[in-house]
Amino acid sequence: MANKTKIILSLAALLVAFIGVSLFVDIGLIKWFNCSSPFTPPQDKASDVCQNLKTAP
């Protein structure tokens, strides 16, 4: 019974870690695509949102 509990807790921890890493990478990708990519129009790069995102974590 203790082994089942450890396996379930391990799977839950892996799932939470995977979701956390996925969100972190996805947010970074969205920031880059919207404000820093070569295809971003200059007015978007100069917008207040992108200027504030440069200092955001």
Side-chain angles (χ1 to χ4, degrees):
M1 197 65 164
N3 285 341
K4 279 188 176 182
T5 305
K6 287 181 183 178
I7 291 172
I8 291 171
L9 288 176
S10 297
L11 290 175
L14 284 172
L15 181 64
V16 168
F18 176 75
I19 290 171
V21 168
S22 297
L23 285 174
F24 181 74
V25 169
D26 191 36
I27 289 171
L29 184 64
I30 290 170
K31 281 184 189 180
W32 177 83
F33 188 74
N34 287 334
C35 296
S36 302
S37 78
F39 307 110
T40 304
Q43 64 268 23
D44 286 350
K45 288 181 182 180
S47 72
D48 289 338
V49 173
C50 288
Q51 296 303 317
N52 290 334
L53 280 177
K54 288 181 182 176
T55 58

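None of these values were measured; they are calculated from a predicted model.
- For Leu29, the side chain to side chain contact (heavy atoms under 4.5 Å, CB included) criterion is met by no residue, not counting sequence neighbours.
- Hydrophobic side-chain contacts under 4.5 Å tie Phe39 to no other Ile, Leu, Val, Met, Phe, Trp or Tyr residue.
- Nearest approach of Cys50 to Lys45, heavy atoms of both residues: CB-O, 3.7 Å.
- Shown here are the side chain to side chain contact (heavy atoms under 4.5 Å, CB included) partners of Pro41, two or more places apart in sequence or in another chain: Gln43, Asp44.
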Below 3.5 Å, can you tabulate the donor-acceptor pairs from side chains in residues 10-22 to any protein atom, sequence neighbours excluded?
from, atom 1, to, atom 2, distance (Å)
Ser10, OG, Lys6, O, 2.8
Ser22, OG, Phe18, O, 2.8

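- For Ser36, the side chain to side chain contact (heavy atoms under 4.5 Å, CB included) partners two or more places apart in sequence, or in a different chain, are Trp32.
- Among residues two or more places apart in sequence or in another chain, the side chain to side chain donor-acceptor pair (under 3.5 Å) test is passed with Thr40 by Ser37.
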